[in-house]
Structures are given as C-alpha cells and as structure tokens.
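For reference, the structure is listed below as structure tokens.
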Amino acid sequence: MTKLELAAWGLVLALLGAEVGLAVLRPWDHHIALSLSGSHTSSLVPANGSPSPGTTPSAGGTCSDVVVHRVQQSDTIPRSAWVHASDGVNVRAAPSSSATRLTTLATGTQLTLQGQQTNPDGSTWYRIRLSDGRDGWLSGRYTTNYPISPAATDSLKIWLPVGYQFQSVAPGRAEAHFKNGPMTLLYVDSGAKDPAPTETKVPTGLPPRSAWTARSAEQVLVGDLPATDRVSGIRLAGGGCAALVHEVRITTTTRYYDLIFLLDEPSSSVVAQLLDSATVQ
C-alpha cells in the first residue's frame, strides 16, 4: 500500500470517527422513535416523513412510524421510572417478594431509582427513597423507563406511553394513536361474550391474516384474567416494512376484548408492561 493510499484511509477513518462523535454528542429530541428492544430504530421515520434524531431511513426507502414513542431514560442510577402494575406495586423492606411490605404505590407514580440488585433467580429490584425517609425495594417488572398516562375506552383502561390516546372508530371499536398521528399502536374490539367472534378481526389497513407469519404464543395475565399473547410478523403495504402484531383476547363473565398491538421489530416486554396496567369491566 502506497503512502498516498495510507493517507486516504487515515482521512476516511478520521471522518468516520468525527461522525460517530457527533452522533453521540448530538442532543436528542426526547420524543424519539425507539425500537421495542430499547435501541434506536434504523428503518423507521415519523409520520411527518422526517427522520427523528438518532434514526436512519432504511436503504430501500422510508417506513411508516410503527413504533412506541417514549421519553428515553438512561440506564444509569439514579434515573426516573414509572409504576405500571394495574393494582399498584408493593414496596418491600428488602429486595424480595417475601420481605416486609412497607407501602403500595399506585400505577403511574413517578419514581427515582437509587439502587439496583439482580437476584440469583434473575429478577431485578430497585431501591427507592419513600416520602417518610425510609428506603424500600420494588420489583423491576412493574416499572417502565418511559412516562405513561391513562387511556380508556368505554370499558377498558390501560396506561400507554405519554402522547397516546384512544379514538372511537365504531361502536365497540377504538384505536390508540400518538398525538392523533396516522399510525395505530393498539386496536381494541369489544362486545358481548355470547356470541364472541371465533377469531380476532383484522383491522382495516393491515394485510389479510393469510399473509401473517406466526411467531410465538405466550400465556399472560391481564389483572387476574388469563389470556394468550399471539405474535405474528407482517409486511405493511407501501414499502413492505416489517412489523409485528400481538393479538390478545381477554374474556370476562359478560364481555370479550380483542387487543391488537402494532409494533416495530424486534418486540420486547413493552406489550407485557401495557397488559400489566390494563383493567376491564
């Protein structure tokens, strides 16, 4: 390799290093599009067509905004968190579910996490300071690292990332949009239990069920009601962008609720967090 070639490669590496530095130091727009694994998306843009800071359009074009908008919190301690369990979360004297209960915090309560411990069983616990000055511990399963606010239909209440609210589209049907944007995070269809449809209706705008690719199915709880979370992969119309749908049917003594979450890929615990916060009549 000649000296000229070496110099050229050195210039390329220097420019790349500068670009990485700019990417790290660039101030973020707090309402950014995050993939549900917690990393920045690399293929999605907001509904206005302009990439959010920290996101890059896909090589084949731009995809619709199939993402959860949320305020990003760093992974450092201390940091903010929010309680999302539908019936609140118990604060314990030690990082164990068998330790003495000090108090119960309501859903939506904002916390400052001051310590963290991972137990041998893999559970994560966070230490917080209560208003009376005592230190307590709560399970990390029942916290989010993004702010949440209540959203409701006529008979369903769920805590969604801040900015999402329901819009009624027909009797018994509602959709949760981010600040009235075009893309839907959650479709809800509900009605009398008898007779309930044998299969969840595919919302308008999604590809037909025959084009869905089944991924997994997992048993979940919505409050104390058992349900199944069925995950499928789909391709959205237009740019053929990859997305995931989570189908969950909840049944009470008198009603059924079909929930379809539309998410970017890969998915994560966000759906479980949202279901933890849901209550139905």
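Nearest heavy atom pair, residue F166 against residue I158, reads CE1-CG2, 3.8 Å. Contact record, P161 with L274: CD-CD2, 4.0 Å, taken as the closest heavy-atom pair. For the pair V91 and G136, the tightest heavy-atom approach, listed with the atom from each and the gap, is CG1-CA, 3.6 Å.
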Please tabulate, for side-chain N and O atoms in residues 185-206, each donor-acceptor pair with protein atoms closer than 3.5 Å (sequence neighbours left out).
unit_1 : atom_1 : unit_2 : atom_2 : d
S190   : OG     : R255   : NH2    : 3.1

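Ring planes of H246 and F261: perpendicular class, angle over 60° (limits at 30 and 60°).
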Starting from the C-alpha separation in whole Å, work towards a yes-or-no answer on side chain to side chain contact (heavy atoms under 4.5 Å, CB included) for L259 and V222. CA-CA 11 Å; L259 279 59; V222 182; over 6 Å; no

Decide yes or no on side chain to side chain contact (heavy atoms under 4.5 Å, CB included) for T184 and I260, but give the supporting numbers first. CA-CA 10 Å; T184 305; I260 292 186; over 6 Å; no

Is there a side chain to side chain contact (heavy atoms under 4.5 Å, CB included) between T107 and Y142? Walk through the geometry before answering. CA-CA 9 Å; T107 303; Y142 302 113; over 6 Å; no

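Taken to the nearest 0.5 Å, the CD atom of Q167 stands 4.5 Å off from the NE2 atom of H177. Rounding to the nearest 0.5 Å gives a distance of 14.5 Å between CG of L105 and CH2 of W82. Taking CZ from R141 and CD from Q273, the interatomic distance works out to 10.0 Å, rounded to the nearest 0.5 Å. Here OG1 of T279 is found 11.0 Å from CG of D224. Values are rounded to the nearest 0.5 Å. Interatomic distance, R79 CZ to T143 OG1, rounded to the nearest 0.5 Å: 7.0 Å.
For Q165 (side chain) and A152 (main-chain N/O), no donor-acceptor pair under 3.5 Å exists by modelled atom type. In terms of modelled atom types and a separation under 3.5 Å, the side chain of H84 and the main chain of L275 share no donor-acceptor contact. At distances below 3.5 Å, at least one donor-acceptor pair connects side-chain atoms of R92 with backbone N or O atoms of A99. Counting only distance, with no hydrogens or angles, the side chain of W212 and the backbone of P207 share a donor-acceptor pair below 3.5 Å. The backbone N or O of D121 lies less than 3.5 Å from no partner atom in the side chain of N119, so there is not a single donor-acceptor pair. In this structure, the side chain of S277 does not engage the main chain of A85 through any donor-acceptor pair within 3.5 Å.
L263 and I148 end up in the same hydrophobic cluster when Ile, Leu, Val, Met, Phe, Trp and Tyr side chains are linked at under 4.5 Å.
Residues meeting the salt bridge (charged side-chain N to carboxylate O under 4.0 Å, His left out) test with R230, sequence neighbours left out: none.
Paired with I128 under the rule side chain to side chain contact (heavy atoms under 4.5 Å, CB included), one option of D135, T112, L113 passes, and it is L113.
The closest side-chain heavy-atom distance from D276 to W159 is not below 4.5 Å.
The hydrophobic cluster around W137 extends to W125, counting ILVMFWY residues whose side-chain heavy atoms fall within less than 4.5 Å of a member.
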